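Okay, so here's the structure we're looking at.
Being a predicted model, the structure only gives us computed values, none of them experimental.
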Amino acid sequence: MLQPRIPVNPLPTGTPIPLNHPTPTPAASVEPPAPASPPAAVPVVPARTTVQLTPGSALALAAGGGAVVLVVGTVLVSMLLAVAITGVSVAVCAVVLKSLISQERKH
């Protein structure tokens, strides 16, 4: 019951696809080996393009990163303050309720 099971995804026709696909068997006919040929040339892969940063774009990138850090920091600090204020208000409510209950027992 607690063992993980991998679901089988159905096709649009409703026929399920098994997860282990059978490997095709090679054809019975054997082709004669090809005559030896010179090694094929290695295809040339174009070099990756490099990004050129001008001083203006570097400054804009740094300013954007700084703005992101300030915004994320502001959001996190405001969430922390919201949690702290909620905790203090719950503590004050607990003290008030405790004092009300203790006064009720005295009278």
Side-chain angles (χ1 to χ4, degrees):
M1 181 174 103
L2 298 176
Q3 294 178 350
R5 298 185 191 275
I6 301 173
V8 177
N9 294 329
L11 286 173
T13 59
T15 306
I17 303 171
L19 288 178
N20 53 354
H21 299 291
T23 57
T25 57
S29 64
V30 177
E31 297 180 8
S37 61
V42 178
V44 178
V45 179
R48 291 186 178 192
T49 58
T50 57
V51 177
Q52 299 290 332
L53 285 179
T54 62
S57 62
L59 184 64
L61 186 63
V68 167
V69 167
L70 288 176
V71 168
V72 169
T74 303
V75 169
L76 291 177
V77 167
S78 64
M79 290 172 64
L80 179 66
L81 284 174
V83 170
I85 291 171
T86 303
V88 168
S89 65
V90 168
V92 168
C93 288
V95 169
V96 169
L97 284 175
K98 184 177 178 182
S99 68
L100 287 175
I101 291 174
S102 66
Q103 283 181 2
E104 187 70 29
R105 288 183 184 166
K106 289 180 183 177
H107 295 294

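Listed by chain and number, the residues in a side chain to side chain donor-acceptor pair (under 3.5 Å) with Thr54 are Ser57 (sequence neighbours excluded). Taking the side chain to side chain contact (heavy atoms under 4.5 Å, CB included) definition, one finds that Val72 meets it with Val68, Leu76, sequence neighbours left out.
Val77 belongs to a hydrophobic cluster whose remaining members, ordered by chain and number, are Leu81; membership requires side-chain heavy atoms of ILVMFWY residues under 4.5 Å apart, directly or through intermediates.
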Under 3.5 Å donor-acceptor pairs involving side-chain atoms of residues 86-98, not counting sequence neighbours:
from: Thr86; atom 1: OG1; to: Ala82; atom 2: O; distance (Å): 2.7
from: Ser89; atom 1: OG; to: Ile85; atom 2: O; distance (Å): 3.3
from: Ser89; atom 1: OG; to: Thr86; atom 2: O; distance (Å): 2.8

